Amino acid sequence: MTATGDEGGGQKPKDGRGPKDSRGPKDGRETGSGQGPTGGQGRRARLRAETTAEIKSVALALMASGGPDAITLRAIAREMGMTANAIYGYFATRDDLVTTLINDVYTALADAVDTAWEAGAPLDPAARIQSWATAFRDWSLAHPEGFRLIYGDPVPGYRAPDGGAAPDAARRVCTGLAGLAAAAWPHAQHLYATSEFEWSDFDPGLLDKVRPAFPELPPAAVALALRIWGRLHGLVSLEVYGHLRTQTVSPRKLFQEELTQLVHALDVPTASTT
């Protein structure tokens, strides 16, 4: 695309003298206006990215103050001083916006727990379990609206696309949880020798995520992953929704002791017992 500011830039008048206009070049390359041959497109892209980020930020803020019902394109436009029609240039529908929000926050959560897991020593399953779980809690408390979008309040009327709003992030977190059970299983399997779980007891969608990643795990280990999930999610959910505020001033201590008891209950050796 031809830049809009290059008309007359550098052209000489008929008398051969240089241009009298002392305001500098109009193509934006030296002034930083971003309207040069490639600068105009770059500037528009930056502005679009900034506005998109602001739309998402405002949407999460509205959810924090008014719940999931507050996420509407008109409300966002009003907060940003834009027209509703202008918002549609960024997100065609509210469902598109909600899908993007869920994918963003779910991916951020998956990144956080994956990083914590990879940072742990492979030969120390107790430390890796505690590291993953702590990262899950820390991220959830730092991003309560994100937690609520993923695990909490449904957005009224929202219809997720086929396959879900964030299939890759959901798979990563799901296999991460299964990884906790897999790390504990060599030490804990004797506790579940009488388990009656069969593959038919689980949703096929769950098994499609877990079995390719951990083909050696039996049904009892998948059930264990769900029980671990229940213990972690339960306390974090209580904390995110504020239900522990009047119960304890030390919710982190409560969570850490829960992790310690979980590891002990699974017979997973810790640094102090090896």
Side-chain angles (χ1 to χ4, degrees), residues 56-71 98 101-120 124-156 158 160 164-166 169-181 183-184 188 206 209 222-266 268 270:
K56 293 189 288 187
S57 177
V58 169
L60 290 175
L62 287 171
M63 179 176 174
S65 61
D69 306 23
I71 301 179
V98 173
L101 290 174
I102 293 173
N103 185 67
D104 284 357
V105 296
Y106 215 156
T107 299
L109 171 60
D111 288 345
V113 293
D114 282 353
T115 298
W117 178 264
E118 293 300 328
D124 191 349
R128 294 191 100 180
I129 291 170
Q130 291 172 324
S131 180
W132 193 100
T134 299
F136 171 73
R137 175 183 179 271
D138 289 347
W139 184 91
S140 299
L141 295 181
H143 306 88
E145 291 77 34
F147 179 91
R148 292 172 65 184
L149 271 177
I150 300 170
Y151 299 117
D153 316 319
V155 178
Y158 169 67
R171 177 193 57 78
R172 290 167 59 195
V173 174
C174 181
T175 55
L177 282 162
L180 305 187
L206 172 65
K209 298 181 182 72
V222 177
L224 173 60
L226 293 179
R227 282 194 290 271
I228 293 172
W229 175 232
R231 294 180 72 162
L232 301 183
H233 182 274
L235 273 181
V236 170
S237 181
L238 288 173
E239 196 170 357
V240 167
Y241 281 90
H243 299 307
L244 291 181
R245 290 174 187 165
T246 59
Q247 311 299 322
T248 177
V249 297
S250 303
R252 174 174 286 276
K253 184 184 296 184
L254 185 67
F255 187 78
Q256 292 300 326
E257 288 199 2
E258 177 68 8
L259 293 184
T260 299
Q261 292 303 315
L262 171 64
V263 168
H264 288 169
L266 296 175
V268 178
T270 62

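Excluded from the calculations below are hydrogen atoms, water molecules and symmetry mates; all remaining heavy atoms, backbone and side chain alike, are included. Keep in mind the model is a prediction, meaning the values are calculated, not measured.
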Taking Ala127's backbone N and O only, do any of them form a donor-acceptor pair with Ser131's side chain (distance below 3.5 Å, no angle check)?
no

To the closest 0.5 Å, what do you measure between OG (Ser140) and NE2 (His233)?
8.0 Å

4.5 Å side-chain heavy-atom contact, Leu232 and Leu259:
yes

At what distance, to the nearest 0.5 angstrom, does CZ of Arg148 lie from CG of Leu60?
10.5 Å

Could you give me the CA-CA distance, side-chain angles and deciding distance for Thr107 and Arg172, then say whether side-chain contact (heavy atoms from CB on, under 4.5 Å) is met?
CA-CA 9 Å; Thr107 299; Arg172 290 167 59 195; 4.1 Å; yes

Taking side chain to side chain contact (heavy atoms under 4.5 Å, CB included) as the definition, give me every residue that meets it alongside Thr115, ordered by chain and number, with sequence neighbours left out.
none

Residue of the set Arg252, Gln247, Arg137 for which side chain to side chain donor-acceptor pair (under 3.5 Å) holds with Glu239:
Arg137

With side-chain contact (heavy atoms from CB on, under 4.5 Å) as the criterion, how do Val236 and Phe147 come out once you've worked through the C-alpha distance, each side chain's angles and the decisive distance to 0.1 Å?
CA-CA 10 Å; Val236 170; Phe147 179 91; 3.8 Å; yes

What I'd like to find out is whether the side chain of Tyr158 reaches to under 4.5 Å of the side chain of Ile102, using heavy atoms alone.
yes

Which heavy-atom pair separates Lys209 from Thr175 by the least distance, and what is that distance?
O-CG2, 3.3 Å

Please say whether more than 12 non-hydrogen atoms of neighbouring residues, nucleotides or ligands are located less than 6.0 Å from CZ in Arg245.
no

Non-hydrogen side-chain atoms of Pro154 and Pro68 separated by less than 4.5 Å
no

Enumerate the residue pairs fulfilling ring pair (Phe, Tyr, Trp, His ring centres under 6.0 Å) with a member in residues 124-146, sequence neighbours excluded, ordered by first and then second residue.
Phe136-Trp229, Trp139-His143

How far does CG of Asp138 sit from CZ of Phe255, to the nearest 0.5 angstrom?
8.5 Å

Can you tell me how far the OG1 atom of Thr248 sits from the NZ atom of Lys253, to the nearest 0.5 Å?
8.0 Å

Residues Leu109, Tyr151; criterion side-chain contact (heavy atoms from CB on, under 4.5 Å); working and verdict:
CA-CA 12 Å; Leu109 171 60; Tyr151 299 117; 3.6 Å; yes

On a heavy-atom basis, the closest approach of Ala169 and Ala110 is O-CB, 4.1 Å

Atom of Glu145, atom of Met63 and distance for their closest heavy-atom approach:
O-CE, 4.0 Å

Pro125 versus Ala183, closest heavy-atom pair with distance
CB-O, 3.7 Å

With heavy-atom distances below 4.5 Å as the criterion, would you say the side chains of Gln256 and Thr134 are in contact?
yes

Euclidean distance, Leu206 CG relative to Leu177 CG, rounded to 0.5 Å
10.0 Å

With side chains defined as the heavy atoms from C-beta onward, is the minimum distance between Ile129 and Ile228 less than 4.5 Å?
no

Residues Gly120 and Arg128: closest non-hydrogen pair is O-NE, 3.6 Å

Validation row: Val173, Ile150 side chains within 4.5 angstrom (heavy atoms):
no

Heavy atoms only: give me the nearest Ala225-Ala178 pair and the separation to one decimal.
CB-CA, 4.1 Å

Do Leu149 and Tyr106 have side chains that approach each other closer than 4.5 Å (heavy atoms only, starting at C-beta)?
no

Does Leu262 form a side-chain contact (heavy atoms from CB on, under 4.5 Å) with Gln130? I'd like the steps, not just the answer.
CA-CA 9 Å; Leu262 171 64; Gln130 291 172 324; over 6 Å; no

